[in-house]
Amino acid sequence: MMYYSTNGQAPRASLEKAVVRGLAEDRGLYMPERIPVLPPDFYNHIQTLTFQEIACTVADALFGEDVPAEDLHRIVEETLSFDCPVVKVTRSIGALELFHGPTLAFKDVGARFMARLLGHFTRASRDRRTIHVLVATSGDTGSAVANGFLGVQGVQVHVLYPKGGVSPIQECQFTTLGQNVTALEVDGSFDDCQALVKSAFMDTALTERLRLTSANSINVARLLPQSFYYFHGYAQMKRLGLAEQLVVCVPSGNFGNLCAALIAGRMGLPVKRYVAANNANDVFYEYLQTGSYAPRPSIRTLANAMDVGAPSNFDRILDLYGGDWQSLTADISGGVSSDLEIRSTISDCLRKYGYLLDPHGACGFRAVYHRLAPGESALICETAHPAKFKDTVEDAAGVAVPIPERLAAFMRGEKQSVPMGRDYPAFKAYLSTLK
Ligand SMILES: *Cc1c(COP(=O)(O)O)cnc(C)c1O
């Protein structure tokens with residue numbers, strides 16, 4: 001399968017090139033040239049299959065031409081070697097809990113898959129140089145990527161994070177690992193971290209010498225595996241008799257996860273419609289209402305993993321609809337929640353249904369609650385464990401939220417990080433020591 005750039009000015013790329021480069025030469029995003037449709041038989045029996053079996057079928061369809069079946073199935077198996085996400089049902093609304101990965105982030109699946117796929121390609125490649133993964137994080141991405149790539153041969157990970165800008169739990173998840181993971185504590189903001197990474201990618205002298213890639217959802221190897229969830233979520237809703245008119249609701253920031261859901265739909269998954277849930281960062285919602293897209297700086301909210309003012313996957317979603325606002329809005333609607341509404345939704349949902357939402361899931365819940373047509377059921381992605389936002393959730397819900405052992409374990413490790421200035425020369429000096 002070949003991949004094209006959404007900007008249309010770059011040569012088509014193989015999967016290997018798309019994964020190693022991240023972004024195309026024209027700075028567009030890679031998209032698969034064809035989206036394969038799975039046979040009716042698969043959908044007829046999907047409720048009898050395990051998460052692993054479902055994921056292997058989807059991976060075969062997406063990556064089977066480029067990765068030998070045996071290797072691909074091993075990559076899927078290693079990626080998903082943890083408890084699979086479950087659906088908890090509340091009336092006609094199911095919360096698909098995506099936080100069952102090792103760092104309690106849904107980003108674990110994409111990060112682990114990408115790490116193993118890169119490992120596969122480096123082993124098969126004649127280029128023996130190390131691949132350096134640069135990742136700027138405001139919290140969750142850094143931990144998922146660092147843990148996903150931990151111990152993968154031929155790959156070094158460099159996590160840039162704002163000093164004092166991430167929670168202590170999040171910081172432990174990428175500063176205590178060692179091995180092939182280095183944490184850089186930047187004396188600046190998240191935007192400064194992202195600017196440093198961008199400068200490195202623009203530095204042609206550097207990119208000619210070092211093999212650099214990024215590991216956010218612009219990378220197809222992180223984005224496409226997220227489609228596994230939707231098939232698995234559908235299968236569970238079908239078992240519950242709730243898949244007839246399924247509405248899929250995705251709390252969105254950079255819109256990678258929604259994009260993966262739309263791709264699952266193009267592969268034939270019977271989804272009636274999609275809902276993109278936002279916090280107060282509502283550029284996408286505004287686009288749905290008006291047809292004009294006006295990215296702007298993000299504002300801070302309680303659902304901070306969705307504090308994005310210029311969603312990086314917007315162009316991919318537009319591309320799926322050939323830029324046609326009419327057909328896009330026929331499939332996708334939106335919802336926006338303020339911080340006040342996030343808090344009241346957490347409390348209402350706990351009181352009425354006994355289910356404890358996190359601030360991101362609360363945006364999702366509110367976007368579909370009382371907004372379903374007769375006969376419809378909704379599957380909401382519950383994207384974070386409530387303990388990750390302990391203070392907010394405890395305050396809103398009025399109950400104590402225990403920290404799961406998996407999170408607590410990270411806090412016992414020893415922090416190691418490299419202090420870094422916010423200006424490019426300092427980062428360049430660090431990069432110049434790498435091979
Ligand atoms: C990353 C993240 C999101 C947003 O996902 P996108 O793919 O960027 O839209 C939502 N919730 C949580 C908890 C996240 O970590």
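One is the number of the first residue; the rest follow in order along the sequence. Every number for a ligand or one of its atoms is a count from 1 in the order of the listing.
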Phe314 and Phe284 aromatic ring geometry - parallel, tilted or perpendicular at 30°/60° bounds: perpendicular

Asn279 versus Thr301, side-chain donor and acceptor atoms under 3.5 Å: yes

Ring geometry between Phe365 and Tyr353 (parallel below 30°, tilted from 30 to 60°, perpendicular above 60°): tilted

For a distance cut-off of 3.5 Å, show me each N or O of ligand 1 paired with any protein N or O, plus the separation.
residue  : atom   : partner : partner atom : Å
ligand 1 : 7 (O)  : Gly256  : N            : 3.1
ligand 1 : 7 (O)  : Asn257  : N            : 2.9
ligand 1 : 8 (O)  : Asn254  : N            : 2.8
ligand 1 : 9 (O)  : Gly253  : N            : 2.8
ligand 1 : 9 (O)  : Asn254  : N            : 3.3
ligand 1 : 9 (O)  : Phe255  : N            : 2.8
ligand 1 : 11 (N) : Thr383  : OG1          : 2.8
ligand 1 : 15 (O) : Lys107  : NZ           : 2.5
ligand 1 : 15 (O) : Asp140  : OD2          : 3.2

Side-chain (Arg422) to main-chain (Asp187) donor-acceptor, under 3.5 angstrom: yes

For residues 11-24, dump all side-chain donor-acceptor pairs below 3.5 Å to protein atoms at least two apart in sequence or in another chain.
residue : atom : partner : partner atom : Å
Arg12   : NH1  : Glu33   : OE1          : 3.3
Arg12   : NH1  : Glu33   : OE2          : 2.2
Ser14   : OG   : Lys17   : N            : 3.1
Lys17   : NZ   : Glu25   : OE2          : 2.8
Arg21   : NE   : Leu23   : O            : 3.0
Arg21   : NH2  : Leu23   : O            : 3.4

Residues His100 and Asp108: side-chain donor-acceptor under 3.5 angstrom: no

